[in-house]
Amino acid sequence: MATETVAKPRTSVRVGVQKFGTFLSGMIMPNIGAFIAWGIITALFIPAGFLPNEELAKLVGPMITYLLPLLIGYTGGRMVYGVRGGVVGAVATTGVIVGTDIPMFIGAMMLGPLTAWLMKKVDKIWEGRVKPGFEMLIDNFSAGILSAGMAVVGMLVIGPVVKAFSDGASRVVEFLVINGLLPFTSIFIEPAKVLFLNNAVNHGILTPLGTQQALEQGKSILFLLEANPGPGFGILLAYSIFGTGLAKASAPGAAVIQFVGGIHEIYFPFVLMKPIMILAAIGGGMTGIFTLVVTGAGLRSPAAPGSIIAVYAATARDSYVGVTLSVLFATTVSFLIASVILKTSKTPVGASEEEALGAATVRMEEMKGKKSSVSSMLAGSGAAAGGGVAVLAGPVKNIVFACDAGMGSSAMGASVLRNKIKAAGFPEVKVTNSAIANLSDTYDVVITHQDLTERAKPVTASAVHVSVDNFMNSPRYDEIVELVRTSNMEGGPAAAAVVETLEAPEETGPAGILVAESVVLNGTATSRDAAIDEAGRLLLDRGAVDAGYLDAMHEREESVSTYMGSFLAIPHGTNAAKDHIMKSAVSVVRYPDGIDWNGKEVKFVVGVAGINNEHLHILSSIAKVFTNKAQVAQLEAATTVEEVLDLFGKVNS
């Protein structure tokens with residue numbers, strides 16, 4: 001996955017709208033699959049569907065009335081306050097669902113986050129004041145009381161208000177359609193796309209209103225106001241034929257990404273390098289909408305991303321001709337206007353085509369507030385300066401390696417990366433590890449396993465996100481070191497006092513974390529699950545954990561593999577299993593013949609249980625060993641437990 005760089009937050013109105021739009025999008029986008037599922041069931045089984053079925057059509061109403069709003073309410077609550085916020089947000093959303101007779105998406109987007117925010121504030125009131133033994137009682141009852149109260153508020157207050165708003169917005173849309181004014185919305189939508197201000201409109205208003213309209217009419221034109229790939233495709237086709245230099249060379253590939261992949265942002269730099277080109281996008285957008293109005297075509301559900309494939313998949317049964325013509329005519333008009341602009345205008349004096357496209361790409365990323373994941377394909381445009389390594393707006397100060405529990409793979413990865421960054425001459429850079437649930441938007445770089453990156457992004461929106469699949473020897477670590485070097489050289493090294501406070505301790509650790517009794521040179525397990533049990537039982541036998549922790553180790557493995565690379569796996573429990581840990585401990589089991597670990601060969605299994613980061617010192621020592629091929633060979637050849645302990649260093653000092 002590509003590295004994504006995020007500039008530091010700014011305070012302009014545009015950035016505020018962007019953040020608001022991103023927040024709304026964050027509630028809708030994770031649930032688009034559910035919207036599509038509803039659209040498929042609707043298209044197939046309602047009386048006018050492809051396969052009419054009265055019994056199966058009963059799924060349609062409950063899904064749109066209950067399932068979709070509850071998913072949105074839960075997602076919004078979780079974005080604000082984790083799972084606890086998601087639960088209370090979903091409960092409160094029930095109130096607005098019951099209080100109205102329309103799909104309550106907007107109400108869910110309001111009440112879910114609001115209830116989670118209130119829950120967060122309520123928890124702060126008695127944080128640290130609850131007597132031991134009463135924590136669960138207080139947590140459960142406070143969540144129940146607050147969410148019940150907010151459900152009542154939703155039913156009696158929020159629901160009617162949102163219904164009035166929805167009715168008013170629907171009348172506005174109806175007025176625009178009846179009076180032939182709907183095409184003129186492109187005057188606002190197309191520039192908004194280029195300025196990354198479209199999410200607030202698209203996901204905040206158009207998707208909820210479109211879904212309500214689709215429920216009543218079986219389709220909605222609103223789903224295609226912003227998602228139509230035609231305007232951008234026409235611009236890129238024009239550059240492919242009439243462009244020059246790098247712009248012409250890059251446009252064909254960009255056109256495929258935009259039209260088939262649905263990543264519209266790929267054409268934004270081509271507009272920004274010639275701002276008058278926005279006229280082509282507006283003209284194409286207006287033509288596409290006008291065609292939809294004339295033909296009465298629409299989509300059953302949102303098309304996300306805005307790919308031609310997604311558009312056709314969501315097209316209503318009677319709208320394939322209209323939708324096809326809409327995309328075709330939008331592309332044609334956009335292409336014609338863009339071609340005229342390209343033939344009659346020139347690149348600014350003193351600026352090459354490559355420089356113009358590069359500057360436009362930079363402006364696009366500045367307006368977006370982060371590095372585009374697709375702009376690197378615009379070769380030489382400056383989007384991949386530094387050999388493809390992202391560059392932050394300021395120096396890198398804080399890097400976090402995040403995993404589900406925050407005590408195993410993240411600790412190992414952080415140790416490996418910390419050593420690399422120190423070796424590169426940047427000891428002032430703080431490298432820590434954390435559970436994803438405990439992340440906050442205070443980091444410059446966030447590193448996660450590739451299966452966890454999407455979970456980390458919503459709560460760390462102002463960071464570079466890097467995905468890895470090999471924790472010990474990932475080539476991405478060298479890219480991160482280069483990122484630090486590129487971003488930090490200009491500012492120079494930090495003061496010694498800052499260095500001292502930022503360095504993570506590695507030379508001390510509590511006694512008894514790893515003992516001889518917890519090291520086995522010849523494990524008996526022959527499978528991954530059996531190896532987890534073997535390493536876990538060593539922790540259990542020491543009284544470090546209870547039996548529930550072993551179950552959590554298997555649960556963690558099913559969600560994300562703990563394979564680290566270099567023949568090493570470090571199974572450990574989930575973040576929720578920390579209550580099953582009595583004391584910090586580590587176990588080491590060697591399998592000379594190796595065992596299969598999800599298709600990877602593992603010879604060393606390190607079981608981990610940690611309290612208050614006491615185990616991080618031993619994990620740091622283990623990480624140092626497994627990044628050294630010679631030391632790994634020594635571990636393989638070791639004949640005594642003492643040799644293993646010596647290799648890991650004085651971990652109990």
Side-chain angles (χ1 to χ4, degrees), residues 20-43 58-119 143 146-148 150-151 153-155 158-159 162-163 166 199-200 202-215 220 222-223 227 299-305 310 313-314 436-437 452 454-459 559:
F20 177 65
T22 299
F23 185 76
L24 294 178
S25 176
M27 285 186 276
I28 296 292
M29 291 305 294
N31 299 307
I32 284 294
F35 277 87
I36 293 174
W38 170 79
I40 291 173
I41 291 173
T42 301
K58 293 178 180 178
L59 290 168
V60 174
M63 288 182 72
I64 194 171
T65 302
Y66 300 104
L67 175 63
L68 296 179
L70 286 173
L71 284 173
I72 293 171
Y74 176 84
T75 303
R78 184 166 182 172
M79 288 170 63
V80 173
Y81 196 32
V83 173
R84 183 169 171 81
V87 171
V88 297
V91 174
T93 299
T94 307
V96 293
I97 292 173
V98 175
T100 62
D101 56 358
I102 63 173
M104 194 44 59
F105 302 126
I106 296 177
M109 286 191 285
M110 293 172 58
L111 205 56
L114 174 61
T115 306
W117 180 80
L118 291 174
M119 187 78 263
L146 176 66
S147 58
M150 291 302 292
V153 171
M155 181 176 179
I158 304 297
V162 172
K163 187 177 187 304
S166 296
N199 280 339
N202 189 36
H203 296 300
I205 298 177
L206 295 182
T207 294
L209 290 179
T211 305
Q212 180 180 337
Q213 191 177 76
L215 178 65
S220 175
L222 302 181
F223 290 135
L299 306 185
R300 300 185 312 271
S301 59
I436 287 180
L452 297 174
E454 294 306 316
R455 284 178 52 191
K457 283 184 177 180
V459 291
S559 61

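Predicted model only: the values in this text are computed from it and were never measured.
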Looking at [atom1] of [X] and [atom2] of [Y], how far apart are the two atoms once the value is rounded to the nearest 0.5 Å?
X      : Y      : atom1 : atom2 : value
Met155 : Ile97  : CE    : CD1   : 12.0 Å
Leu146 : Thr115 : CG    : OG1   : 6.5 Å
Met63  : Ile41  : CE    : CD1   : 4.0 Å

For a side-chain contact (heavy atoms from CB on, under 4.5 Å) with Met109, tell me which candidate from Ile72, Thr75, Leu114 qualifies.
Ile72
Val96: which of Val153, Ile158, Val162 passes side-chain contact (heavy atoms from CB on, under 4.5 Å)
Ile158
For [X] against [Y], the heavy-atom pair lying closest together:
X      : Y      : answer
Ala116 : Gly77  : CB-O, 3.3 Å
Val91  : Ala148 : CG1-N, 4.5 Å
Gly159 : Thr100 : O-CG2, 3.2 Å
Pro302 : Ala314 : O-CB, 4.2 Å
Ala90  : Tyr74  : CB-CB, 4.1 Å
Ala108 : Pro113 : O-CD, 3.7 Å

Partner set under side-chain contact (heavy atoms from CB on, under 4.5 Å) for Ala151, not counting sequence neighbours:
none
Only pairs at least two apart or in different chains count here, so list each salt bridge (charged side-chain N to carboxylate O under 4.0 Å, His left out) that has a residue in residues 73-98.
Arg84-Asp123
Measure the shortest side-chain to side-chain distance between Leu111 and Met150 over non-hydrogen atoms and say whether it is less than 4.5 angstrom.
yes
Would a 4.5 Å heavy-atom cut-off, applied to side chains only, mark Val87 and Met119 as touching?
no
